[in-house]
Amino acid sequence: MSLGCRADCQCPQQSDDSPKRLILAAADAADSNGPPPEELQLAWHVKRFRSLPNAGGLNDQPAGLVTRMAVAENVYDSIKAWRKAPDWSKWSTANPDAWRIVQMVAEMRIEADKYAE
């Protein structure tokens, strides 16, 4: 499913509508372990160009797209901020919502590694 890439785009990492794949792909991109998923790229474009991906308003976007974009961006931003924090303990106390995202990603990676073996 292409959400905004060109027809000739060779994006190797797409979420394929799987929330877990989307979250892990966004986290991997934050850790420089893979390209950003399409939803994250679209979120960046929306911020940069101040325009939604498709013509019309918020309700004219494909079902779930804006939510997936927000999830990808929240995961990416949380992982990036956590990695940059000089003191993870203080950071986790000051950013409890982002810390929950970091913990969730860590648990998902452990689970994914179990199934990869």
Side-chain angles (χ1 to χ4, degrees):
M1 170 185 208
S2 179
L3 299 172
C5 286
R6 302 174 319 273
D8 63 340
C9 181
Q10 298 293 319
C11 294
Q13 191 162 9
Q14 299 174 3
S15 69
D16 296 325
D17 290 333
S18 166
K20 286 184 179 181
R21 274 193 288 251
L22 172 62
I23 291 167
L24 291 174
D28 286 347
D31 284 335
S32 300
N33 290 331
E38 287 183 87
E39 294 89 346
L40 181 56
Q41 292 177 23
L42 285 173
W44 291 337
H45 289 302
V46 166
K47 277 189 172 178
R48 181 175 183 188
F49 300 115
R50 297 177 189 225
S51 176
L52 292 168
N54 296 310
L58 188 61
N59 292 331
D60 296 314
Q61 304 309 304
L65 175 60
V66 174
T67 299
R68 291 191 310 272
M69 289 166 47
V71 167
E73 189 171 37
N74 287 341
V75 169
Y76 181 89
D77 290 347
S78 296
I79 297 293
K80 278 290 202 190
W82 174 64
R83 293 286 188 207
K84 289 181 182 177
D87 185 334
W88 290 350
S89 177
K90 287 181 183 176
W91 181 88
S92 65
T93 301
N95 302 282
D97 293 337
W99 177 238
R100 280 193 289 279
I101 291 172
V102 170
Q103 289 177 307
M104 177 190 65
V105 167
E107 291 170 6
M108 290 174 75
R109 284 176 167 167
I110 290 169
E111 183 180 329
D113 286 345
K114 279 196 274 187
Y115 290 110
E117 295 174 351

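Heads up: numbering here begins at 1 and tracks the sequence.
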Would you call the rings of W99 and W82 parallel, tilted or perpendicular, where under 30° means parallel and over 60° means perpendicular? tilted

Take V71 and E39 through the test side chain to side chain contact (heavy atoms under 4.5 Å, CB included) and record every step on the way to the result. CA-CA 9 Å; V71 167; E39 294 89 346; over 6 Å; no

Apply salt bridge (charged side-chain N to carboxylate O under 4.0 Å, His left out) to D28 and R21, showing your working. CA-CA 10 Å; D28 286 347; R21 274 193 288 251; over 6 Å; no

Check salt bridge (charged side-chain N to carboxylate O under 4.0 Å, His left out) between R100 and all other residues, then give those that pass, not counting sequence neighbours. D97

Where the side chain of R109 meets the backbone of A27, is there a donor-acceptor pair that is under 3.5 Å apart? yes

Do Y76 and W44 make the cut of ring centroids closer than 6.0 angstrom? yes

R68/E38 ion pair, N-O < 4.0 Å: no

Within the side chain of D87, is there an N or O that forms a donor-acceptor pair under 3.5 Å with the backbone of S89? yes

Of all the heavy-atom pairs spanning L52 and L58, show the shortest one and how long it is. CD1-N, 3.5 Å

Indicate yes or no for a side-chain donor-acceptor contact from D60 to the backbone of G57 under 3.5 Å, with no hydrogens or angles considered. yes

State, to 0.1 Å, how close P36 and A29 come at their nearest heavy-atom pair, and which atoms those are. CA-CB, 3.6 Å

At what distance, to the nearest 0.5 angstrom, does CG of L65 lie from CG of L42? 6.0 Å

Minimum heavy-atom distance between A72 and A26, given as atom pair plus value: O-CB, 3.5 Å

First locate atom CE of M108, then atom CD of Q103, and finally report the distance between them rounded to the nearest 0.5 Å. 14.0 Å

Drop me the distance from L24's CG to S18's OG, to the nearest 0.5 angstrom. 8.0 Å

M69 and L40: side chain to side chain contact (heavy atoms under 4.5 Å, CB included), yes or no, with the steps? CA-CA 6 Å; M69 289 166 47; L40 181 56; over 6 Å; no

How far apart are the closest heavy atoms of P53 and V46, and which atoms are they? CD-CG2, 3.7 Å

Which residues share a salt bridge (charged side-chain N to carboxylate O under 4.0 Å, His left out) with K80, sequence neighbours left out: none

When rounded to the nearest 0.5 angstrom, what is the spacing between CD1 in I101 and CG in N95? 10.5 Å

